[in-house]
Amino acid sequence: MLDADFFRRWMTVTAASVEREADRLTDLDSAIGDADHGSNLQRGFRAVAAVLEKEAPDTPGAVLTLAGRRLISTVGGASGPLYGTLLRRTGKALGEDAEVSEARFAEALRAGVDAVMALGGAAPGDKTMIDALLPAVDALGDGFAAARAAAEEGALATTPLQARKGRASYLGERSIGHQDPGATSAALLIAALGESAEADGE
Amino acid sequence: MLDADFFRRWMTVTAASVEREADRLTDLDSAIGDADHGSNLQRGFRAVAAVLEKEAPDTPGAVLTLAGRRLISTVGGASGPLYGTLLRRTGKALGEDAEVSEARFAEALRAGVDAVMALGGAAPGDKTMIDALLPAVDALGDGFAAARAAAEEGALATTPLQARKGRASYLGERSIGHQDPGATSAALLIAALGESAEADGE
Amino acid sequence: MKMLINVPETVVADALRGLAAAHPELTVDVENRVIVRRDAPVAGKVGLVSGGGSGHEPLHGGFVGPGMLSAACPGEVFTSPVPDQMVRAAAAVDSGAGVLFIVKNYTGDVLNFDMAAELAEDEGIQVAKVLVNDDVAVTDSLYTAGRRGTGATLFVEKIAGAAAEEGQPLERVESIARQVNENSRSFGVALSACTTYAKGSPTFDLPDGELELGIGIHGEPGRERRSMMTSGEIADFAVNAILDDVSPRNPVLLLVNGLGATPLLELYGFNAEVQRVLAARGVAVARTLVGNYVTSLDMAGASVTLCQIDEELLRLWDAPVKTAGLRWGI
Amino acid sequence: MKMLINVPETVVADALRGLAAAHPELTVDVENRVIVRRDAPVAGKVGLVSGGGSGHEPLHGGFVGPGMLSAACPGEVFTSPVPDQMVRAAAAVDSGAGVLFIVKNYTGDVLNFDMAAELAEDEGIQVAKVLVNDDVAVTDSLYTAGRRGTGATLFVEKIAGAAAEEGQPLERVESIARQVNENSRSFGVALSACTTYAKGSPTFDLPDGELELGIGIHGEPGRERRSMMTSGEIADFAVNAILDDVSPRNPVLLLVNGLGATPLLELYGFNAEVQRVLAARGVAVARTLVGNYVTSLDMAGASVTLCQIDEELLRLWDAPVKTAGLRWGI
Ligand SMILES: Nc1ncnc2c1ncn2[C@@H]1O[C@H](COP(=O)(O)OP(=O)(O)O)[C@@H](O)[C@H]1O
Ligand SMILES: Nc1ncnc2c1ncn2[C@@H]1O[C@H](COP(=O)(O)OP(=O)(O)O)[C@@H](O)[C@H]1O
Ligand SMILES: [Mg+2]
Ligand SMILES: [Mg+2]
Ligand SMILES: [Mg+2]
Ligand SMILES: [Mg+2]
């Protein structure tokens with residue numbers, strides 16, 4: 001079972017890996033976007049880590065809705081409302097239970113990803129964060145490691161795609177050959193699940 | 001004796017050598033000024049050549065006063081009024097004679113250089129065109145070749161000087177180590193005398 | 001590229017402090033990043049709120065004041081502001097007559113303003129939205145995020161601002177804003193990439209002797225790269241790209257806009273070429289504005305925006321405006 | 001650096017054509033390079049004529065209009081105009097009340113305006129001259145050409161322009177102009193060199209990580225080179241350089257001026273730092289102007305100009321002005 005602590009760790013581990021990978025995310029965004037994805041998420045997840053420390057919500061749902069709201073209030077750009085919605089809607093779907101099963105989480109995350117697709121209008125193959133998130137959700141039944149592998153594979157697979165959503169779409173065919181920054185950060189987010197679970201085992 | 005033809009040649013030979021050396025003059029000006037001396041003189045001497053062709057004044061004095069007026073009307077910057085005054089006042093000093101001796105010319109040119117010093121307030125050693133013009137005038141009694149050598153030596157000798165007039169003076173000690181663009185162009189003007197005389201001999 | 005900044009993290013806050021110091025006629029909330037005209041809310045007047053990533057100054061903060069925007073929300077550099085800013089701005093300027101959000105069509109701006117509109121309506125503020133999407137460099141299709149909002153933003157903000165200042169109701173101000181956007185088209189060309197503070201180096205690599213046609217204003221590379229062209233050739237390309245998309249029957253407003261680092265001397269020369277092409281294509285120009293209005297940090301280049309107008313829109317364009325970035329008639 | 005031009009030879013003429021197209025309220029003589037306000041000569045009004053090398057736009061052509069200059073003479077890029085232009089301008093604006101030449105203190109400008117003054121007086125025009133020399137970066141001594149004219153030119157042109165517009169006589173307009181200059185001091189800092197068209201490459205070499213303190217506006221290198229500094233450190237240096245030269249007792253006008261390629265976002269941030277230093281040194285600021293007004297093509301950097309004012313000068317500063325580059329009150 002996954003408790004509020006686990007979800008808090010998920011957020012702080014994500015914050016740490018965004019910190020570490022910020023330059024790479026910004027570089028990816030500079031190739032096909034506007035060179036801010038790393039700093040956007042850095043600002044957002046710093047704020048998330050800070051607010052979770054301060055408010056220490058005590059259910060998985062409350063952790064994720066608070067984190068989502070905080071991203072919406074601090075990131076801006078396309079990724080702010082999208083990641084914010086992802087976490088907020090996942091959190092809402094988790095309800096008010098103090099602990100949730102992995103299966104329940106997988107279901108909630110799917111609701112979150114659906115909300116992101118509804119909000120941003122992106123479909124799989126549009127070269128967005130969806131291309132990492134959706135495979136991850138599909139693989140989540142097989143555990144965090146499988147989800148991580150699926151997300152990373154999904155992110156890598158955005159390289160040959162032509163972008164159809166977001167800023168990269170303006171480039172048309174010139175977006176081909178570059179990995180999508182949002183799919184890359186989504187893979188970081190999913191990878192952080194396993195790391196948070198391991199930390200739990202210690 | 002030097003006739004109107006000689007002075008016209010002086011101007012067109014100068015125009016040609018300014019054309020040839022324009023980039024070098026501009027480069028020198030970019031080191032300690034504002035990177036326009038070559039294009040300034042190019043514009044001016046093209047206009048001088050054109051007006052002399054069109055109006056064909058028939059005395060040495062008329063050639064130089066016309067050339068000087070034309071420089072004033074087309075060059076701008078510091079060098080326009082200064083070179084314009086040099087030629088205009090030299091021309092005025094030559095009076096209305098159809099031919100003038102080399103000695104008479106040397107005297108007139110000294111009047112021209114004096115006028116430049118009065119107008120611009122520069123003294124020898126201030127790192128300006130005066131540092132090429134004044135030695136040239138002093139040497140003119142020994143012929144055009146001597147004047148040329150003196151002017152070129154004078155121009156070279158500006159390198160170690162600190163500028164006290166014109167734009168280069170703003171640099172203070174940082175003007176040291178660069179040859180003055182105006183002294184360099186003045187040496188071209190003086191060198192053109194000999195070339196114009198040779199052309200006459202042909 | 002070296003920058004005149006303290007540290008990247010404080011660029012926007014520093015600029016807001018400087019704006020506050022220079023413009024006592026504005027209320028600048030540095031912490032919450034909202035710029036409001038001092039006398040807001042103006043009784044009976046529709047509030048106009050815009051915003052977007054910073055780095056395009058004077059857009060939008062420089063257009064706050066009588067006759068134009070009521071408030072602006074600056075985001076991080078090239079990053080849409082967050083809904084909290086927009087809600088705060090709407091609350092500050094709403095007199096009960098409602099608020100119009102003027103939104104450039106970028107995914108980030110659209111999503112954040114949409115969220116803000118919902119939140120503001122929850123607070124009882126009537127909100128209308130208009131999307132600006134004038135950039136013909138981007139194909140407007142299912143396969144893109146749609147045309148970008150660029151130079152027309154200035155036209156929309158000015159003309160809708162004049163209508164609001166006259167006391168026209170929200171639906172009318174909104175429909176005028178929409179009309180201005182529909183009548184507007186832009187095309188931009190970059191001679192150099194800009195440098196964002198987060199990245200610290202040019203956002204894309206543009207070798208000597210090449211330019212980007214159809215550039216965006218966020219350091220996004222353009223549609224096509226070509227060998228360097230003259231001002232006249234660029235004017236031909238840009239104006240023709242616009243006129244391939246629309247054929248104005250009425251006279252137009254013309255904005256010849258610098259992207260940041262192009263000297264005004266060059267911009268005026270470019271205007272001469274743009275006017276030449278327009279004349280050759282039979283397009284009459286009613287008013288011309290030349291300057292740096294919708295910029296992209298230190299990018300060199302320019303954009304052209306045309307807006308087809310009628311007498312009413314021209315009257316509203318000519319109406320008094322008193323902002324840091326655009327000012328006439330008062 | 002790539003340029004948005006046709007060929008270097010036509011840059012100034014192209015810009016004048018573009019200026020004419022954008023500003024029907026100006027009479028632009030492209031061939032003879034004179035920009036005159038359309039209603040000149042204004043009966044009974046002193047004419048104000050300025051000019052200088054091009055590349056500093058909006059100075060001077062952008063400051064022609066009611067409440068400021070009567071005419072401007074643009075030279076080649078960074079090259080003083082020729083006397084013929086100034087004489088023509090003087091003749092176009094003289095209503096019999098005389099003409100004031102506003103001359104930045106550069107050898108070229110001084111010599112050409114001096115010649116023009118003589119020629120204009122030969123034509124029966126009464127001419128007065130005022131030299132602008134506000135740049136504290138240059139030591140004013142027998143061993144230099146004297147302090148350069150930079151940002152204060154805007155103050156002199158605006159305030160003397162207001163006095164002339166009110167119908168004050170030539171001697172009075174001249175003495176006000178002289179007073180404004182005497183009360184003004186500037187200091188400029190470059191983060192990059194500019195590129196002139198004649199040369200086609202940066203006028204001096206400024207490596208990454210270094211800046212030039214005490215820069216001129218013609219691509220002349222500055223007084224001193226230092227390792228890169230923050231906006232706050234630059235403000236300290238610039239303001240202190242000015243206040244070492246003069247201690248204003250009255251409130252000041254403040255111009256935080258961009259040299260061309262520095263984004264407005266950075267300029268406003270720099271303004272915040274300048275205001276901090278002024279407050280710390282006890283200098284009260286009556287009015288602040290932030291923007292690109294006295295530029296140096298595509299140079300990155302900024303200058304600070306202070307002008308100590310009294311009530312009369314403040315009144316004239318606030319008076320209406322209607323030009324392409326500066327506009328308020330009408
Ligand atoms: N409509 C969309 N749906 C899903 N993801 C999107 C959409 N638009 C953009 N993205 C994602 O957002 C990422 C860019 O985020 P970011 O750079 O932070 O925002 P911005 O594009 O506003 O600068 C893209 O790489 C992409 O993965
Ligand atoms: N006061 C002066 N007296 C004599 N020569 C001068 C003076 N000031 C400048 N010069 C000369 O003019 C040259 C610069 O000419 P130019 O570059 O055409 O004008 P500007 O300095 O206005 O750009 C200098 O190299 C110097 O030789
Ligand atoms: Mg981005
Ligand atoms: Mg020079
Ligand atoms: Mg962004
Ligand atoms: Mg010059």
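Each chain gets a letter, A, B and so on, in the order its sequence line appears, and its residues count up from 1. The model shown is predicted, which means the values in this text are computed figures rather than measured ones. Hydrogens, waters and symmetry mates play no part in the numbers below; they use all other heavy atoms, side chains included.
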- prompt: Where does C/Glu210 contact chain D at under 4.5 Å (heavy atoms): side chain, backbone, both or neither?
  reply: backbone
field: C/Leu254 portion near chain D, given a 4.5 angstrom heavy-atom threshold
entry: neither
- request: Please name the pair of heavy atoms, one in D/Met3 and one in C/Met228, separated by the smallest distance, quoted to 0.1 Å.
  value: O-CE, 3.3 Å
query: D/Leu4 and side-chain contact (heavy atoms from CB on, under 4.5 Å): which partner among C/Leu265, C/Thr230, C/Leu211, C/Leu191?
result: C/Leu191
message: Is there a side-chain contact between C/Leu206 and D/Lys2 in this structure, where contact means two heavy atoms from C-beta onward sitting under 4.5 Å apart?
response: yes
field: C/Ile234, part contacting chain D, at a heavy-atom distance under 4.5 Å
entry: side chain
query: For C/His56, is it the side chain, the backbone, both or neither that has a heavy atom under 4.5 Å from a heavy atom of chain D?
result: neither
message: Which heavy atom of D/Ala15 sits nearest to which heavy atom of C/Tyr268, and what is that distance?
response: O-CB, 3.5 Å
message: Heavy-atom cut-off 4.5 Å, strictly under: side chain, backbone, both or neither for C/Ala13 against chain D?
response: neither
- line: From the list D/Gly258, D/Ala21, D/Gly55, D/Ala20, the residue making the most non-hydrogen contacts under 4.5 Å with chain C is D/Ala21
Under 4.5 Å from a heavy atom of chain C, the part of D/Leu19 involved: both
message: Could you check whether any side-chain N or O of D/Asn271 sits under 3.5 Å from a backbone N or O of C/Gly18, counting only pairs where one atom can act as donor and the other as acceptor?
response: yes
query: Counting distance only, does the side-chain N/O of D/Lys322 pair as donor-acceptor with the main-chain N or O of C/Gly329 below 3.5 Å?
result: no
- line: Ranking C/Arg17, C/Arg327, C/Met229, C/Glu233 by heavy-atom pairs under 4.5 Å to chain D gives rank one to C/Arg327
message: Among C/Ala272, C/Pro263, C/Ser231, C/Gly61, which residue has the highest count of heavy-atom pairs closer than 4.5 Å to chain D?
response: C/Ser231
Pairs of heavy atoms under 4.5 Å with chain D: top-ranked of C/Ile5, C/Thr288, C/Val11: C/Ile5
message: Side chains of C/Pro58 and D/Leu264, heavy atoms from C-beta outward: is any pair under 4.5 Å?
response: yes
- prompt: C/Val77 versus chain D, heavy atoms under 4.5 Å apart: side chain, backbone, both or neither?
  reply: side chain
- request: Using non-hydrogen atoms and a 4.5 Å limit, figure out which bit of D/Val7 sits close to chain C: side chain, backbone, both or neither.
  value: neither
- prompt: Which pair of non-hydrogen atoms, one from D/Ala22 and one from C/Val290, has the smallest distance, and what is that distance?
  reply: CB-CG2, 3.9 Å
query: When you measure from the side chain of C/Asn6 to the backbone N and O of D/Gly232, does any donor-acceptor pair fall under 3.5 Å?
result: yes
